[in-house]
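What follows is a set of notes on a single structure, which appears directly below.
What you see below is based on every heavy atom in this structure, not just the backbone, and it leaves out hydrogens, waters and symmetry mates.
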Amino acid sequence: MDIARWPALAAGGLDEKMGFELTELSAERASGRMPVAGNTQPFGLWHGGASCVLAETLASMAAYEAAGEGGAAFGVDLNATHHAPAREGWVHGQARAIRIGGTLGTWEVLITDDAGQRLCTARVTVALRRAKPRPEPDGAREA
């Protein structure tokens, strides 16, 4: 998918509401960021659930690329360990493929603040549904 198409696809969804910006996308790697402002818990700190949204969004986008045109991807497992808080600025995420198989893929997501301090480490497993090849019409394979 062309990154420029992402805002139109996300319109009205959770990613748009959280201010998500996609900056890099391939099956092996996806990067993006979210503002801390508007995504905090009652004590003014970056919300751990926001880290989970960022992690699953990045891994799912990479998985969608891995599934290929006409395919689908959906998260089946998310594990997140929160290491440090953020109070301002942006939170950055980078998903890197650990393994992309035929029906499942797993991505590790590193989430940092503007200074590069690790805030969260997540692992996301995504089901991959690849498009089935369409049969050729009769007579399409003439010698």
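Here Arg123 contributes atom CZ and Asp77 contributes atom CG; the two are 5.5 Å apart, rounded to the nearest 0.5 Å. Taken from CH2 in Trp46 to NE2 in His82, the straight-line distance is 10.5 Å, to the nearest 0.5 Å. Here the straight-line distance linking atom CG of Leu119 with atom OG1 of Thr81 works out to 13.0 Å at 0.5 Å rounding. Glu56 contributes atom CD, which lies 10.0 Å from atom OG1 of Thr125 (distance to the nearest 0.5 angstrom).
Scanning all heavy atoms of the two residues, the minimum distance from Gly32 to Phe20 falls at CA-CE1, 4.1 Å. Across all non-hydrogen atoms, the minimal contact from Val76 to Ala127 is CG1-CB, 4.0 Å. The minimum heavy-atom distance between Gly101 and Leu128, with the atom names listed, is O-CD1, 3.5 Å. Across all non-hydrogen atoms, the minimal contact from Tyr64 to Ala73 is N-CB, 3.7 Å. Across all non-hydrogen atoms, the minimal contact from Ser60 to Gly75 is OG-N, 4.5 Å. Minimum heavy-atom separation, Ala97 to Ala27: CB-O, 4.1 Å.
Side-chain contact between Arg99 and Leu104 is absent, with no heavy atoms from C-beta onward closer than 4.5 Å. The shortest side-chain heavy-atom distance between Asp15 and Val53 falls under the 4.5 Å cut-off. The shortest distance between side-chain heavy atoms of Gln94 and Leu58 does not fall below 4.5 Å.
No chain of hydrophobic side-chain contacts below 4.5 Å, direct or via other Ile, Leu, Val, Met, Phe, Trp or Tyr residues, connects Leu45 to Met18. Leu78 and Ile111 fall within the same hydrophobic cluster, defined by Ile, Leu, Val, Met, Phe, Trp and Tyr side-chain heavy atoms under 4.5 Å apart, directly or through other members. Linking ILVMFWY side-chain heavy atoms closer than 4.5 Å, directly or via other members, places Leu14 and Leu54 in a single hydrophobic cluster. By the criterion of side-chain heavy atoms lying less than 4.5 angstrom apart, applied directly or through intervening Ile, Leu, Val, Met, Phe, Trp or Tyr residues, Leu22 is not grouped with Trp90; the two fall into different hydrophobic clusters.
The backbone N or O of Gly19 lies less than 3.5 Å from no partner atom in the side chain of Arg33, so there is not a single donor-acceptor pair.
Ion pairing between Glu108 and Arg96 fails under the 4.0 Å rule for side-chain N and carboxylate O.
In this structure, Glu24 places its CD atom where more than 12 heavy-atom neighbours from other residues, nucleotides or ligands lie under 6.0 Å away.
The one candidate from Asp113, Thr23, Thr112, Asp114 that meets the side-chain hydrogen bond (donor to acceptor under 3.5 Å, both in side chains) condition with His92 is Asp114.
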